[in-house]
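One structure below.
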Amino acid sequence: MAAAGCNHLQLRELVRFSVAGDQLRYDEEGRQLLLLRHHGFESVPFGPGRDLAAASVSCPNLGPVLDVRFSPAPLRWVAVQRSPTDLELRHLDSGAVHLRQCRPSRAARSGRILAFHWTGSKLCDLVIVGTWGADFFALASKGLKLVRSVSLPVSWSIYSHETRMVLLASGKHDSEIHGMQVQPSGIIKAPKFEVALPPVPASAAPTPLSPGQHARSLRRADLALVCLHGLIYVCHLDGPSRQLVLYQLFRDFVVRKHTVALPSSELAVSVVDSLLAVHCLDQDVSMILDLRMNAQQPIIAPLPIGLRPGERVSERGAQWEQWTLLAPNIVVDHSLGCVYALQLDLDALVASSVDSLGLVAFLLERRGGDTQLRMVLADALRARLPASTLRQIFGLLHSARRQPPSLKTEGACELSIPSANSPTIERG
């Protein structure tokens with residue numbers, strides 16, 4: 001961890017919590033940490049609009065607590081998983097309780113709940129993922145009403161609240177990916193696709209493998225579901241091959257869009273202001289990719305993550321083994337009991353580049369970059385840049401004024417229908 005002022009990414013402290021040995025869960029929908037105990041739980045909300053009333057909720061002596069999720073406003077429900085197959089819905093105000101027993105089919109008697117999420121949609125309030133598939137429910141007066149069910153063997157799942165999409169991993173090596181997105185018009189099924197796995201070297205294989213056969217399975221940690229510039233991507237963190245593979249999801253097909261070579265085999269990703277931050281854990285540096293500018297190279301030299309001035313963290317530097325990275329830009333430090341937000345340091349980015357035209361294009365896409373944009377423009381005029389460069393700069397400003405970027409709204413990142421100018425499929 002380097003000092004602030006020389007880093008392009010910084011950690012901003014959001015909230016502190018007690019590190020008393022509780023199990024931690026992250027509630028992306030409610031923007032809060034959940035501290036689980038054997039017969040109770042406590043929520044630690046953070047971020048704007050957090051529900052402080054929910055922070056005082058606990059359910060002692062009502063049975064084991066395996067996982068918890070708070071419903072988003074204006075609903076006032078909490079879903080508590082009591083056993084591998086039992087889910088309890090409790091109203092925070094009235095105390096009303098609905099029990100849901102997720103019973104697997106006869107063909108899968110060992111079925112269990114893998115995950116459950118509140119969607120914040122009027123069409124579907126809750127999705128429950130199990131080893132039997134995924135069930136989508138709407139809240140009703142007598143409990144949950146089934147809206148849609150997807151049946152297939154599932155090993156693990158990923159949910160993104162920003163996209164309202166759940167990915168289900170199936171197949172022999174868990175590399176067959178099925179996507180379901182909750183939209184205002186309905187529950188849309190994305191085309192399934194296969195994540196290409198690297199073959200295991202012959203020296204590492206315990207048994208002889210036929211050509212093209214894979215001994216490893218895809219792990220949940222190897223995939224990330226992200227929204228960049230309003231488009232949905234699945235990131236495959238291919239550590240053994242030291243590369244990042246981006247699949248773009250459309251309504252009717254999936255495109256293997258970009259492959260980025262990386263210097264590390266231990267990888268993680270975050271999303272900051274529609275930029276993809278690729279963390280090379282064993283080298284303690286983070287690369288920033290802007291898919292609109294150049295998907296193959298970082299926009300600036302990779303550097304460690306820094307802290308905002310006045311904030312403190314362990315002097316030992318970045319402790320990735322003690323950190324959990326959560327979507328889209330949250331860092332949880334388990335050793336210090338602290339939750340951070342990862343953010344851009346636009347001043348450091350501007351100071352690290354002499355490309356005025358590139359900086360103007362970059363800053364026009366960023367939130368809160370007006371001050372830095374005015375500085376870059378003033379420096380460009382003061383430096384008497386060539387007329388052709390100034391013409392391009394003011395062309396960008398004119399285009400941005402005529403077509404201001406649309407405001408980003410929650411749930412707006414939907415599976416799109418490709419247009420004539422949609423990016424092409426990766427070749428080779």
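Counting from 1, the numbers follow the sequence of the chain as shown. This is a predicted model, so every value here is computed, not measured. Computed from heavy atoms alone, side chains included, the values below leave out hydrogens, waters and symmetry copies.
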Looking only at heavy atoms, which two atoms of [X] and [Y] are closest? And how far apart?
{"X": "Leu344", "Y": "Asp273", "result": "CD1-CB, 4.2 Å"}
{"X": "Arg31", "Y": "Pro328", "result": "NH1-CD, 4.5 Å"}
{"X": "Ser160", "Y": "Leu225", "result": "CB-CD2, 3.6 Å"}
{"X": "Asn7", "Y": "Ala348", "result": "O-CB, 3.2 Å"}
{"X": "Cys102", "Y": "Trp132", "result": "CB-CH2, 3.4 Å"}
{"X": "Pro45", "Y": "Gln32", "result": "CA-CB, 3.5 Å"}

Min side-chain heavy-atom separation [X]-[Y] under 4.5 Å:
{"X": "Leu139", "Y": "Trp77", "value": "yes"}
{"X": "His8", "Y": "Ser286", "value": "no"}
{"X": "Val285", "Y": "His279", "value": "no"}
{"X": "Leu289", "Y": "Gln297", "value": "no"}
{"X": "Leu223", "Y": "Leu237", "value": "no"}
{"X": "Leu228", "Y": "Leu231", "value": "no"}

Can we call the ring centroids of Trp118 and His161 under 6.0 Å apart? no

Please check if the distance between the ring centroids of Phe193 and Tyr247 is under 6.0 Å. yes

Check the pair Ser170 / His178 against side-chain hydrogen bond (donor to acceptor under 3.5 Å, both in side chains), numbers first and verdict last. CA-CA 8 Å; Ser170 188; His178 302 254; 4.8 Å; no

Working note: Leu152 + Leu168, criterion side chain to side chain contact (heavy atoms under 4.5 Å, CB included); need CA distance, chi angles, decisive distance, verdict. CA-CA 9 Å; Leu152 75 156; Leu168 310 175; 3.9 Å; yes

Just by distance, do the side chain of [X] and the backbone of [Y] share a donor-acceptor pair under 3.5 Å?
{"X": "Gln183", "Y": "Ser185", "value": "no"}
{"X": "Ser175", "Y": "Glu194", "value": "no"}
{"X": "Glu414", "Y": "Ile232", "value": "no"}
{"X": "Asp86", "Y": "Ser83", "value": "no"}

Under the salt bridge (charged side-chain N to carboxylate O under 4.0 Å, His left out) test, which residues partner Arg220, sequence neighbours left out? none

Set of salt bridge (charged side-chain N to carboxylate O under 4.0 Å, His left out) partners for Arg25, sequence neighbours left out: Asp67

Applying side-chain hydrogen bond (donor to acceptor under 3.5 Å, both in side chains) to Gln343 and Arg12, what does each step give before you reach the verdict? CA-CA 7 Å; Gln343 63 181 27; Arg12 175 172 58 89; 3.0 Å; yes

Parallel, tilted or perpendicular: which fits the ring planes of Phe41 and Phe70, with parallel below 30° and perpendicular above 60°? perpendicular

Please determine whether side-chain hydrogen bond (donor to acceptor under 3.5 Å, both in side chains) holds for the pair Ser264 and Gln283, giving the CA-CA distance in whole Å, both sets of side-chain angles, and the decisive distance to 0.1 Å. CA-CA 7 Å; Ser264 173; Gln283 299 193 17; 5.3 Å; no

